[in-house]
Number of protein chains: 2
Amino acid sequence: MLKYQAIKEGLKKQIQQGVFKVGDYLPSESDLCTRFSITRTTVRKAMEELLKEGYIEKQQGKGSRVRERQTSLGLLTVKGFSEAVGQNIQTEFLQKPVLSVWTSEILFPVSDHDKTEQCLFFERLRMVDNLPVVLERNWFSGAVLPDFLKTQFVEGSFFKTLSRKYLIEVIGSSQELRAERAENHFAEVMQMESGTPVLHISIRFVTNNPQLTIYSELYCNTKKYPVGNSYFL
Amino acid sequence: MLKYQAIKEGLKKQIQQGVFKVGDYLPSESDLCTRFSITRTTVRKAMEELLKEGYIEKQQGKGSRVRERQTSLGLLTVKGFSEAVGQNIQTEFLQKPVLSVWTSEILFPVSDHDKTEQCLFFERLRMVDNLPVVLERNWFSGAVLPDFLKTQFVEGSFFKTLSRKYLIEVIGSSQELRAERAENHFAEVMQMESGTPVLHISIRFVTNNPQLTIYSELYCNTKKYPVGNSYFL
DNA sequence: ATGTATAACTTGTACGTACAAGTTAAATTT
DNA sequence: AAATTTAACTTGTACGTACAAGTTATACAT
């Protein structure tokens with residue numbers, strides 16, 4: 001294995017396992033040089049990659065600090081979730097993780113391999129000021145997640161749980177967006193009039209474990225809180 | 001100015017002006033080294049940035065080639081536009097660029113500076129198989145775009161025109177997504193039943209020219225063609 | 001004619017050095 | 001005590017060298 005990749009993976013694993021927590025500074029570049037008997041060129045290459053992948057942020061003169069890595073809704077975030085900190089945000093489980101079946105509600109094609117495995121499912125309702133904003137339904141194979149049904153979510157986050165307890169990271173995602181009429185069942189849960197437009201987001205999360213793909217269907221009431229994203233650079 | 005930035009900007013400008021066209025190979029790293037009397041470290045840093053910003057792609061053993069840079073809908077693309085090449089895709093101007101006024105239809109706040117400048121506007125309808133899929137309405141200040149109203153679009157693309165003729169690049173964007181009922185006017189243009197859900201995408205494009213921000217409002221019929229995007233790494 | 005080695009290119013990794021530039025805390029001066 | 005300088009850290013830029021690894025056309029051998 002290449003040296004810079006070894007360093008990078010080593011640091012990444014320590015970040016995932018919580019050896020370095022969010023906000024912590026990693027050892028300085030020269031520290032790592034002496035510790036692993038390599039040159040700064042190599043260390044910097046590793047750090048550059050961690051930066052690109054969103055694990056750290058750098059500041060000249062200070063150091064490299066572990067960053068909160070946001071992969072919550074893929075590239076999309078609901079306005080008011082991360083930004084509006086002052087808001088009263090709640091997440092309620094409508095269905096805790098259970099054994100379920102692969103359903104046609106999943107709009108991305110479920111891989112043949114996944115179909116042969118058991119299907120786990122959970123469903124959450126995200127609310128801002130007690131107003132339901134996003135209904136989130138998730139399916140995934142439980143094959144590579146031993147004891148998942150007995151596991152408590154790390155800090156209430158599914159992805160943090162995957163990272164911390166199973167060393168699984170999201171490395172990509174595909175999304176499809178549709179504007180639809182709210183069906184009766186959803187309208188009720190979302191406290192919307194039946195037939196009101198809802199933003200339907202289908203996501204397929206790809207992870208660093210080829211056996212784990214996560215399929216999510218999100219239904220958003222965008223009346224008060226539009227779904228937003230931005231990128232720069 | 002830093003050396004690697006100078007090299008990077010120089011190459012970028014040549015790509016924008018068409019000195020290096022899409023598919024062309026840039027001079028090799030050692031070529032650039034001798035030509036500008038710098039070391040490969042510096043050249044590689046410049047190339048790395050061009051890679052990150054999407055201007056080039058690299059292949060070990062072959063070289064660095066100019067890439068088609070897609071910033072069409074920000075991060076979102078309509079499924080069937082880029083992928084489904086075999087499809088019958090058309091773009092029709094409903095309104096060629098004209099002098100207009102800043103309107104409240106723009107959902108992102110228009111900057112105070114922009115408000116004092118003249119407002120240019122154009123409107124296009126994107127169709128797949130003669131079915132209207134996206135109605136695109138664009139506003140921007142004409143202050144830094146001399147003779148824009150007399151200018152032909154480069155390859156039918158607004159952004160290519162900005163790049164080629166004005167050396168202006170999109171460096172970021174913010175988006176907000178909403179599911180709405182189609183108003184009468186839109187429903188008619190889009191050949192939809194009035195009240196049908198439409199996906200409304202508001203975009204603010206930020207460019208490398210601080211005086212130019214582009215405001216776009218897109219209205220998408222997602223019934224047959226959902227809006228999609230994906231990212232990896 | 002056809003397959004094979006070679007040579008000349010390309011980018012990728014890794015070594016080592018030096019100094020610039022930003023940050024911070026301790027030492028020094030006022 | 002307070003302001004200022006200094007020193008010791010951090011990351012950033014740039015120098016130069018060497019070889020690995022992938023690509024391709026040409027020369028060579030079969």
Side-chain angles (χ1 to χ4, degrees), chain A residues 1-15 19-69 171 208 232-233, chain B residues 1-15 19-69 171 208 232-233:
Chain A
M1 197 192 208
L2 297 172
K3 285 195 180 182
Y4 82 88
Q5 276 185 7
I7 302 293
K8 170 184 147 192
E9 294 304 325
L11 289 171
K12 192 191 287 189
K13 186 161 286 185
Q14 288 183 292
I15 291 171
V19 179
F20 300 115
K21 296 180 180 50
V22 171
D24 287 356
Y25 282 92
L26 295 184
S28 76
E29 295 176 356
S30 36
D31 263 25
L32 294 169
C33 288
T34 56
R35 203 180 298 185
F36 297 105
S37 308
I38 52 178
T39 55
R40 235 184 105 207
T41 315
T42 308
V43 169
R44 281 183 67 77
K45 173 91 177 170
M47 302 287 264
E48 199 61 40
E49 299 256 307
L50 290 176
L51 180 72
K52 265 199 289 191
E53 294 179 25
Y55 287 94
I56 61 169
E57 57 193 356
K58 296 175 157 206
Q59 192 184 344
Q60 187 178 156
K62 292 192 78 170
S64 300
R65 190 163 39 170
V66 177
R67 219 190 66 158
E68 181 81 57
R69 199 162 170 264
I171 58 171
N208 56 358
F232 284 92
L233 258 168
Chain B
M1 197 192 207
L2 297 172
K3 283 196 181 181
Y4 82 88
Q5 276 186 7
I7 302 293
K8 171 184 147 193
E9 293 304 325
L11 289 170
K12 193 190 287 187
K13 186 161 287 184
Q14 287 183 292
I15 291 171
V19 179
F20 300 116
K21 295 180 180 51
V22 171
D24 287 357
Y25 282 94
L26 294 185
S28 77
E29 294 176 357
S30 35
D31 262 25
L32 293 170
C33 288
T34 56
R35 203 179 298 184
F36 297 105
S37 308
I38 51 176
T39 56
R40 235 184 106 208
T41 314
T42 309
V43 168
R44 282 183 66 77
K45 172 90 177 172
M47 303 288 264
E48 200 60 41
E49 298 256 307
L50 289 177
L51 181 72
K52 265 200 289 190
E53 294 180 24
Y55 287 94
I56 61 169
E57 56 194 357
K58 297 174 157 204
Q59 192 183 345
Q60 186 178 158
K62 292 192 78 171
S64 301
R65 190 161 40 169
V66 177
R67 219 190 67 158
E68 181 81 58
R69 198 161 169 263
I171 59 171
N208 55 358
F232 284 92
L233 260 167

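Letters go in sequence order (proteins before strands), and every chain restarts at 1. Model, not experiment: these values are computed from the prediction. Side chains included, hydrogens not; waters and symmetry mates left out as well; all remaining heavy atoms used.
- What separates CE of A:Met47 from P of D:dG12 is a distance of 9 Å, to the nearest Å.
- As a whole-Å value, the separation of A:Glu48 CD from C:dA14 P is 15 Å.
- Among C:dT24, D:dC19, C:dA14, the nucleotide with an atom closest to any side-chain atom of A:Leu2 is C:dA14.
- Atom pair A:Asp31:CG and D:dT11:C1' shows a separation of 13 Å (rounding to whole Å applied).
- An OP1 or OP2 oxygen of D:dT23 is reached within less than 4.0 angstrom by a side-chain nitrogen or oxygen of B:Gln59.
- Closest contact between the side chain of B:Gln60 and the listed nucleotides D:dT10, D:dC15, D:dG22 involves D:dG22.
- Atom CZ of B:Arg65 and atom C1' of C:dT10 are 13 Å apart (whole Å).
- Across the interface with DNA chain D, nearest-nucleotide mapping of B:Thr42 and A:Ser64 shows A:Ser64 to be the residue nearer the 5′ end.
- Using a 4.0 Å cut-off between charged nitrogen and carboxylate oxygen, B:Glu29 and B:Arg40 count as a salt-bridge pair.
- One atom, CG of A:Asp24, and another, P of D:dT10, lie 16 Å apart when rounded to the nearest Å.
- When heavy atoms are screened at a 4.0 angstrom cut-off, B:Thr41 is found touching base atoms of the nucleic acid.
- Atom CG of A:Leu11 and atom CG of A:Leu32 lie 6.0 Å apart (nearest 0.5 Å).
- Between the CG atom of B:Leu32 and the P atom of D:dC15 there is a distance of 13 Å, rounded to whole Å.
- Counting only heavy atoms from C-beta on, A:Ser28 has its side chain closest to D:dT10 among C:dT24, D:dT10, C:dC15.
- Residue order along DNA chain C, read from the 5' end via each residue's closest nucleotide, puts B:Lys62 first among A:Lys3 and B:Lys62.
- Comparing A:Arg40 and A:Met1 along DNA chain C, the residue whose closest nucleotide (by nearest heavy atom) sits nearer the 5' end is A:Met1.
- Taking a cutoff of 4.0 Å between a charged side-chain nitrogen and a carboxylate oxygen, A:Lys58 and A:Glu48 qualify as a salt bridge.
- Between A:Glu57 and the options A:Lys62, A:Arg65, A:Lys52, a salt bridge (Lys or Arg N to Asp or Glu O under 4.0 Å) holds for only A:Arg65.
- As rounded to whole Å, 15 Å separates atom C1' of D:dT17 from atom CD of B:Glu29.
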Original post:
Checking side chain to side chain contact (heavy atoms under 4.5 Å, CB included) for the pair B:Leu50/B:Lys8: CA distance, chi angles, key distance, verdict?
Top reply: CA-CA 7 Å; B:Leu50 289 177; B:Lys8 171 184 147 193; 3.9 Å; yes
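- Within the nucleic acid shown, B:Tyr25 has no heavy atom closer than 4.0 Å to any nucleic acid atom.
- The B:Arg44 side chain lies nearest to C:dT11 when the options are D:dT13, C:dT11, D:dT23.
- Distance from the side chain of B:Thr39 is smallest for D:dA14 among the nucleotides D:dT10, D:dA14, D:dT11.
- In this structure, A:Lys58 atom NZ and C:dA21 atom C1' are separated by 15 Å, rounded to whole Å.
- Of the candidates C:dT23, C:dT13, C:dT10, C:dT13 carries the atom nearest the A:Lys45 side chain, counting heavy atoms from C-beta on.
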